[in-house]
Structure formats: structure tokens, C-alpha cells
2 protein chains.
Amino acid sequence: MAKTDTKTPRERYRAQVRAEVKERAWEQIATAGASALSLNAIARQMGMTGPALYRYFASRDDLITELIRDAYQSLAETFRTASASGADLAGLAHALRGWALEDPQRYLLIYGTPVPGYHAPEDITGIASEIMGTLLGACTALACDDPAAPFATHLADHRHWAAGHSAPAATLHQALNFWTRLHGVLSLELAGHFTGMGFDPALLFAAEVNDLLADRA
Amino acid sequence: MAKTDTKTPRERYRAQVRAEVKERAWEQIATAGASALSLNAIARQMGMTGPALYRYFASRDDLITELIRDAYQSLAETFRTASASGADLAGLAHALRGWALEDPQRYLLIYGTPVPGYHAPEDITGIASEIMGTLLGACTALACDDPAAPFATHLADHRHWAAGHSAPAATLHQALNFWTRLHGVLSLELAGHFTGMGFDPALLFAAEVNDLLADRA
DNA sequence: GCTGACAGTTAGAGGCTATCACGAACGTAT
DNA sequence: ATACGTTCGTGATAGCCTCTAACTGTCAGC
């Protein structure tokens, strides 16, 4: 994050414009959702006409894809630094919730409703598996005695997504549980399905984390 | 569902056109997602011009809202009939997954990414709480000995969403867990986040249901 | 200082939502 | 059977969007 001046002035300007476009795009997404993102509106805010932005992004979808990539990268970094500073599973869970609440639409851009045809580029799935990697790392740190549960034995035959990790299948299962359960609470909270029910979503989340940490038969 | 002919011929025609519009709308949503729904395209498919449809639906958002209502009603009915035919929690879970896989975008229309400003009409939240009602009913049928867990005590003070139900707070917590955990697995599966990982989502779902049914401390 | 690459403009095609005024069709009531 | 009022569908129009193409400045590097 130090070498912002390594290239020609034109390229620096270009990078700056691209950054500002993304910034405004995030603002728009935060207030009106990704489907309402308008290149035209962004250009207007920046004092230019619409077509000018096509010098910087090939298309609207291209911009969105880049935002998705940035979001993944931001989450991966959050996980990485949390894990580097000795966070356990609970710490990771806390980091995840903090990251999600920081910008709900950013979370939903990754884990929310996808457009049916869309396929993420290769490098994005790479980042996603790095996230899974640190999650698996935190799971192996926990004792986990799940003796031949049916799904764990199934996982033993389908563990190629766990890349290098040599964790037992029960641990893979726990990582998946961590993912799906926290996503379940978080996504419903972010989507506003708990509003009006009165209880504190943070406590429900915490209870779920506790349950996740308790040794399960 | 028998009295389709109770009104004037004009009203029958009107109802039929509205039904056909909705049908095409569901097709469009299933193939391209809700954000791609186009009144114009529907009108073209039906051999009319765009503005004609505004006689039947006040706006695009109005149509979508009605689709959301229908989706909720369909899910509520699925739950109702499942519960009426003696389904327990596992049966309800199975019914939920079946309903979701039947039309993934319909599930995501309800539980997926919302547009930030949107607020569902009153009657829709009513249907939602009916769904919660049958879920609570199935939960009370299960022994549930959660001795004063922190979140359960919190729920005891915030249980107005459980309307008439007199279930103990631990049961409310279990119903919430049922909701969030199954949604977690289902939504990630429907959004395609498991594709390429190789394992069978149905088994992960089943494992989650099993864990939900096992008495938890 | 010249030149070529690049920025940004206008114009335009084609899509969308949504409103309006108009004519045509239809059921009903006389 | 005819006349009437309601309702349906159309074309025109405004305003928004994405995205392409051609044209014009402007800046960096030789």
C-alpha cells in the first residue's frame, strides 16, 4: 500500500479515477442495492458524461465483478489479520459479523442472491478458498470428536475443496457448519427479517457461536 | 378454489390476464432473477404493448410485491399441509427444502437480498408469522431442556413475535435456530456457493436437521 | 515542437418504467 | 336493438438506463 507512484502520471490518474468510481459505486450500493447501480449516475456525480466511464470499465457488469472481487479480498484480509493476531473460531466469528455490519450490502453482494447466469471469474474463487483456508485452520485448533457421522464419511470422499488441508473430515464438517450457521443468522439479520421481533440479533449470533464451540456428539 | 366464476365476465377476464402476467413473471424470475423482470417483455410475450399492463398492476414494484405475497402464501400452505399431515420438525425441514428447490428464485425472492428501502405490506408480515406459528407448533412437540441459557432468558423478555404461543423461551430459541440454520444451508446451496465443492448439499442439510433434533445442552 | 495515445464529448440505437390522451370494444340498461 | 358508460389497448411522449461510434481536444514522450 506504499507504491502508489510507481507508474506514469497517466496511469496514476487512471487509477485514481477508477478508485473514485468504485467509491461512488459502493455508496450507491450501500443506499440502493447493487441492482440500482448506475454508471450514468456515477459519471454525473463526478462531473462527466456517461460514456466517459467506459474508458475505465468495460461494462456495468465488469464494475460489479470488480467490486465483488474487492469485497472478497476485504473479507479475506479481515480473516487473515484476525487469525494472525491469534483469533480462535469465536474471534473469527466476531470479525465476520463486524465486517458484515460495517457494510451490509457488501456482505450481500458476496453471499446474497446471485443473478442466475453469473459465474465468478477464476481468481475470485481463489480468494474464496483462501477464506475457507483460514477458517479450516481455526477449526483444526479445536478438538473435534465426531465419530464417523454419516455426513463426515461422505465428506471424506469429497474434500478436494479443502485444498492442502489435512484436517479430518469431522473438521471439514465443522468448518461448513461454521459457515452455514453464521451465514444463516447474519443474512437474515442483514436482510431485516428480525426487525420487529424485538430480540437482539447480536445475542442470537453469540448463542450460535457458543453452540458451535461446544463439543457436539 | 372452486368459485372462479362468481363475478362479471369482465372481472373474470381481468383475473385471467393478471394470472397470466404473474405466470410469465415467474418464468422470467426463474431464468434471470427478479431484478431482470420486465413488464415490457411480459407484455410483448402476451402480444400486447407495454402500457397495457398498467391497467392490471400499478407498477413493476407492485407486481413484485404481489409475487412476494404469493410466494409467502405458497410456503405457508406447504408448511400448513405438511404439519396437518403429522409432519414433525424433520418433516417440516424436508418440506422447506423441497419447496425451495422447486423454484430457487422464489425462495430467494423472500429470503434473499432485499432492496434497502423496501418494506413489506402488513398482510405479508402476517403470513410470515403464520409460518413462524406452525414452526413453533412443531417445536413444542419436542422435549427441549435448555436450562436458562443466556439467549433464552433474553428471549423471555422479547417474545411478542410469538403471538399467542405459550411455548417456553427455549422453544422459541429452537424455532429461531431451525430457521437460521436451515436458511444458512439452503441459501448458500441455492446461491451456488457449494457448486464445485463436490459434496452433496442434501446430506449437509440432513446432517443439520439431525443436529437440530438432537437434544442440545 | 511534433506526434500519437488517451480523455472526454456529442449523437444515437435500443431497452426500460411510467403517464397521458385517444379510439375501440364490450356489457348492460333501456 | 340501440344507446351509454366503463374498461381495454394503443400510440406518443418524457425520462432514465447501457453501450457504441465518431469526433475533438490535451498531454506525455520523443
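We name chains A, B, ... by the order of the sequence lines, and we start the count at 1 in each one. Below, each value reflects all heavy atoms present in this structure, side chains not excepted, and no hydrogens, waters or symmetry copies.
As a whole-Å value, the separation of Met48(B) CE from dA24(C) C1' is 16 Å. Distance, Asn40(B) CG to dA18(C) P: 10 Å, rounded to whole Å. Between Ile42(B) atom CD1 and dG15(C) atom P there is a gap of 16 Å when expressed in whole angstrom units. Taking atom OH of residue Tyr13(B) and atom P of nucleotide dC26(C), one finds them 9 Å apart after rounding to whole Å. In this structure, the CZ atom of Arg60(A) is 13 Å from the C1' atom of dC16(C), given to the nearest Å. One interatomic measurement links the two molecules: CZ of Arg12(B) to C1' of dT7(D), which rounds to 16 Å at whole-angstrom precision. Remark: P of dG27(C) and CZ of Arg14(B) are 16 Å apart, rounded to the nearest angstrom. As a whole-Å value, the separation of Leu53(A) CG from dC19(D) P is 11 Å.
Residues Tyr54(B) and Pro9(B) each lie close to DNA chain C; by heavy-atom proximity, the contact nearer the 5' end of the strand is made by Tyr54(B). With the nearest nucleotide of DNA chain D identified for both Arg55(A) and Gly50(A), Gly50(A) has the one nearer the 5' end. In terms of position along DNA chain D, the nucleotide closest to Leu37(A) lies nearer the 5' end than the nucleotide closest to the other residue of the pair Arg10(A) and Leu37(A).
You'll find the ring centres of Tyr111(A) and His193(B) inside the 6.0 Å limit. Taking the six-membered ring where the residue is Trp, the centroids of Phe194(B) and Trp161(A) are separated by 6.0 Å or more.
Of the candidate nucleotides dG11(D), dT18(D), dT17(C), dG11(D) has the atom lying nearest to any side-chain atom of Thr49(B). With dT10(C), dA7(C), dG11(D) as the candidates, the nucleotide lying closest to the side chain of Tyr56(A) is dA7(C). For Ala41(A), whose side chain is taken as the heavy atoms from C-beta onward, the closest listed nucleotide among dC16(C), dA21(D), dC17(D) is dC17(D).
By the 4.0 Å N-to-carboxylate-O rule, Asp211(A) lies close enough to Arg181(A) to be salt-bridged with it.
Side-chain contact between Met197(A) and Leu176(B) is present, with heavy atoms from C-beta onward closer than 4.5 Å.
At least one donor-acceptor pair closer than 3.5 Å links the side chain of Arg18(B) to the backbone N or O of Tyr56(B).
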